[in-house]
Structure formats: structure tokens, C-alpha cells
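First the structure, in the form of C-alpha cells, and then the observations on it.
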Amino acid sequence: MTSIKKKPEEELELVVSPTDKNLPYLMRDEQFVNPVLARSARIVAERAKGSYIYDMNGDAYLDFASGIAVTNLGHCHPRVVQAVQEQVAKLMHTSVVTYHKNYIDLAEKLVEIAPGRLDSVFLANSGAEAVEGAIKLARYTSGRPAIVNFRGSFHGRTLLALALTSSKLYYREHYEPLPSGIYNSTYPYVYRSRFRNDPSACVAECLEYLDMLFHQFVHPEQVAAIIVEPIQGEGGYIVPPPGFLQGLRKVADQYGILLVIDEVQTGFARTGKMFACEHDGVEPDIMVCAKALASGLPLSAFISRKDITKDWTPGRHGSTFGGNPVACAAALATIAVLQEENLAERAAQLGKFIIEKLRKAAAGRKSIGDIRGRGLMIGIEFDDEKGEPSKDLAEAFAEKCLLNKLLVLTCGNRGQVVRLIPPLTLSDAEAEKACEILIKCMPA
Ligand SMILES: Cc1ncc(COP(=O)(O)O)c(C=O)c1O
């Protein structure tokens, strides 16, 4: 493997093995690919199966990134592969020229599994596109202009989705002006708040802040939607304490605001329920999903209620590729496996196992400030010697894991969190093996 090592003076150095078969591809990538495209691990994936990715050398990496919470069934699940292969030979594309069966079947299935009364589906291609569609719908149906979002959120990289995003300045800076009419409220990041030992006080403060927003910045009757992640993903794997989402639901109902819940990263059994908002018993007015929906084929959705979509007349929103028959076939197979194999429960059980093991090993290590999560969405937050967020420690930990053939990702507003997002089909032995590596790589 060719790896990146840190020299004492903090410069990055490429440690090259001359026999590394990844290397020619890495060099050609540097020559031809736009440098804005970031990759976390300097390995070239050649194939993948189940919980493992194999590079050009044939080396196996245990995948605790899942293509950023996408391959919830593991890589190339046979049921998904078969569905895609059959569909690709039958019908690949229609766009909005004709109807097709898979779109209708998938819409019906999504209505069946979506929380509460959601019963009207629009399919798109990416998370950002679905977020934008949801906001367009909210503005159209309410006739109101403003949107409330939360600090630390990530909703995508297209300009409106980016305007809703503040997980890291790096994503936003140099792209101003961004679309306006967006008002930021605060998210209960308990660990970095002054209420570390009092989560409900942290929630109360955030809800008070939202109330102040309505007195100081925007009239609530001008607000079309509140958009929120039920667990902040890119922002640092931050699980809001009980009461926060319920509080937002109450505020939304009070002022006739639509509650848009972004389940792009949390959806499809990842957190131990099909959708994370179910943990709080909160029903969205519009729910956005993508990532794991089609096991890696590009597909996203926003799901709403007919009373919200009924006046959105044909053609006011659309997409050439959204709801492609092959992607829909992959999604139908994915949801069938999630349900038949009860993978939500498996995620809950494995998540508890991993968190317990890691917390035990981290006890007494000052540099590991917090280990948190829900199901198989787990964050490890690193502190420097002053207790401040430590990007360096998180990156060094991720790099050590990579050298031990375990793929993990970082997140958080300063890159201080390592996130663990394994497939929900992970075996007990694979979970044990990953924990061994993670514990071995922990700093003092
Ligand atoms: C919560 C959330 N919303 C939206 C997005 C954007 O999705 P995409 O990258 O498919 O546009 C992401 C991507 O990480 C996400 O985590």
C-alpha cells in the first residue's frame, strides 16, 4: 500500500512502495481528475464484496465507511446485483416521457415504510437535489419565503443546499453570495456546550434560541420550512437529546411551518430504525432520503403528504434521470433485504456492542472525549491536552486504522470526530476484528 505519513514538521509525505499496483492509477488520477475531488484513503478500489473493499494489489480493507453510509447491505449484495442485471437488460431509461412500473412500485414501497402519513413521493438523483426539491415544494405550497436551518448541518453542495450547510466553513467559503432567506438556529451539540452534564438544558437553550430568532430576525409566518437532520452527520455524528425534535415539531405546528427532516445519512435502518426520526416519534411533513436507498446506484427521494403536494402541478419540478428504472430496481431489492433480514434490529444490536467495547477501552484516555451514536452511526470525538477539538488526533487515528486495513472517515466542524459507518450486514467476527483494530489505534 502507498500511504500518507506525517513528518514531524506536519508536512504530508507519500510513502511509496515501488510494487504498489495502486500507484499508476493514483498518478493518472492526479494528471486527469479535477483536484477538488477529495478522497479519504489513497487506495484504488478494484472490487468489493460484503464488508470488504479490495484494492489493485488484492489487499482487503474492512469497510467502516460504506461509501459514506450508502452500502448498508454490504458491497454488491447478490439480491441487488441480480435485480440490477435483470433490469438493465429490460429497460434502462424513460425519463418523464413515459411512466414505468418500478417508479410506481418504489413510490408505493416508500409510502409503506415512511413514518406517519407521508404518502406522496418524488424521486431524484442525489441528496442535494432532493433537499432542493423539498425546499421548492415547501416554498410553493406555503407561499412563504424563509427557511430555518441549524448550525452544523450538512444538506449538500449545490448552491441552495450549501446555503443550508454549515458543518464546516471550508465547504462554504469562496462561494458567496449564497441564496438568502435562510435563518440559522442552534443544534444541541451537548458535548461542546456548557451543558455537558445536562442534555435537557442544552435542548431548552436551543429551543429558546429558535424562539428568539422569531422575535429578532424573521416572523414565523414568513417561514416555509424548518429543515433538520435527526442526527447531524457531517457536523460530527451528534445525536440530539430527547425533546429536541419534538420541540421543533411543536413549533412547526404552532406557526404552520413545514418540518423537513433530512434522513439522507441516517435513513434505511442505519440507526436501528428504518428512519432516525422514529426514535423520537416525530413525523416530518417532508422527508428527504438518498444514500442507502439504492445501495450505491444514484437515487434520492423526498416524500410528503398529498395535502402538501396536491397543487404542485405537473412540470413545476422534474428531473431527466431521477427515478431511473435500474436505480429503482436496486432500491426495491435493497428495501426488501432490509425488511426480510430485519437489519434495523441488527444495527441497533451491533451498535450497542461496538459502543460498549470502545467506551470500555477509552476509559481513562484523555484524548478520547466522547463516544456516541445510534445503531451503526458511531462517532469518536478527540480532544487535545486542553480539551479542545483535535483534528490532528482524529486524522492520525484514521490513518493508523487505514494502515491496519480498516477504512474509517472523519467529520465534525474541525474534523475532530472519526465516524464508524459499517454495513448493517457486518458479522460478529468482523465487528470483533474492527474493535480490536480501533482499540489498538487509540491514542493514550
Ligand atoms: C444529511 C445529508 N443531507 C444531504 C447530503 C447531500 O447528499 P449528496 O452528496 O448525495 O448530494 C448529505 C451528504 O453527505 C447528507 O449527509
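In each ligand, atom 1 is the first atom listed, and ligand 1 is the first ligand listed. All heavy atoms count here, side chains included; hydrogens, waters and symmetry mates do not. Just so you know, residue 1 is the first one in the sequence shown, and it goes up from there. Everything quoted here is computed from the prediction, not taken from an experiment.
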(request) Could you find the nearest protein heavy atom to atom 2 (C) of ligand 1 and give me its residue, atom name and distance? (result) Phe154 O, 3.3 Å

(message) Any donor-acceptor pair under 3.5 Å linking the side-chain atoms of Thr271 with those of Thr266?
(response) no

(request) For ligand 1, note which part of Ala290 has a heavy atom under 4.0 Å away: side chain, backbone, both or neither. (result) neither

(request) Applying side-chain contact (heavy atoms from CB on, under 4.5 Å) between Leu248 and each of Leu207, Asp280, Val282, report the one that passes. (result) Leu207

(request) Check Glu234 against ligand 1 and report side chain, backbone, both or neither, counting heavy atoms closer than 4.0 Å. (result) side chain

(message) Please verify the inter-ring angle class for Phe244 with Tyr187; under 30° counts as parallel, over 60° as perpendicular, anything in between as tilted.
(response) perpendicular

(request) Decide whether Asn125 and Ser319 meet the rule of one side-chain donor and one side-chain acceptor closer than 3.5 Å. (result) yes

(request) Evaluate the criterion ring pair (Phe, Tyr, Trp, His ring centres under 6.0 Å) for residue pair Tyr61 and Tyr54; output intermediate values, then yes/no. (result) CA-CA 6 Å; Tyr61 290 81; Tyr54 299 85; 9.0 Å; no

(message) When you compare the side chains of Asp383 and Tyr191, does any donor N or O come within less than 3.5 Å of an acceptor on the partner?
(response) yes

(message) Out of all atoms in ligand 1, which are within 4.0 Å of some heavy atom of Glu229? Include the element for each.
(response) 1 (C)

(request) Around atom 5 (C) of ligand 1, find the nearest protein heavy atom and jot down its residue, atom name and distance. (result) Val264 CG1, 3.7 Å

(request) Give the contacting part of Lys291 toward ligand 1: side chain, backbone, both or neither, where contact means a heavy-atom distance below 4.0 Å. (result) side chain

(message) Out of all atoms in ligand 1, which are within 4.0 Å of some heavy atom of Ser126? Include the element for each.
(response) 10 (O), 11 (O)

(message) Can you see whether Tyr171 has Arg157 sitting over its ring - NZ or CZ less than 6.0 Å from the centre and within 45° of the normal?
(response) yes

(request) Would you confirm whether Ser66, through its side chain, and Ile421, through its main-chain N or O, come within 3.5 Å as a donor-acceptor pair? (result) yes

(message) Can you report which non-hydrogen protein atom sits closest to atom 11 (O) of ligand 1, along with the distance?
(response) Ala128 N, 2.8 Å

(request) Identify the protein heavy atom lying closest to atom 7 (O) of ligand 1, giving its residue, its atom name and the separation to 0.1 Å. (result) Gly127 CA, 3.3 Å

(message) Tell me whether Asp262 reaches ligand 1 (any heavy atom closer than 4.0 angstrom to a ligand atom).
(response) yes

(message) Under 4.0 Å from atom 9 (O) of ligand 1, is there at least one protein heavy atom?
(response) no

(message) I need the nearest protein heavy-atom contact for atom 16 (O) of ligand 1: residue, atom name and distance, please.
(response) Gln265 NE2, 2.8 Å

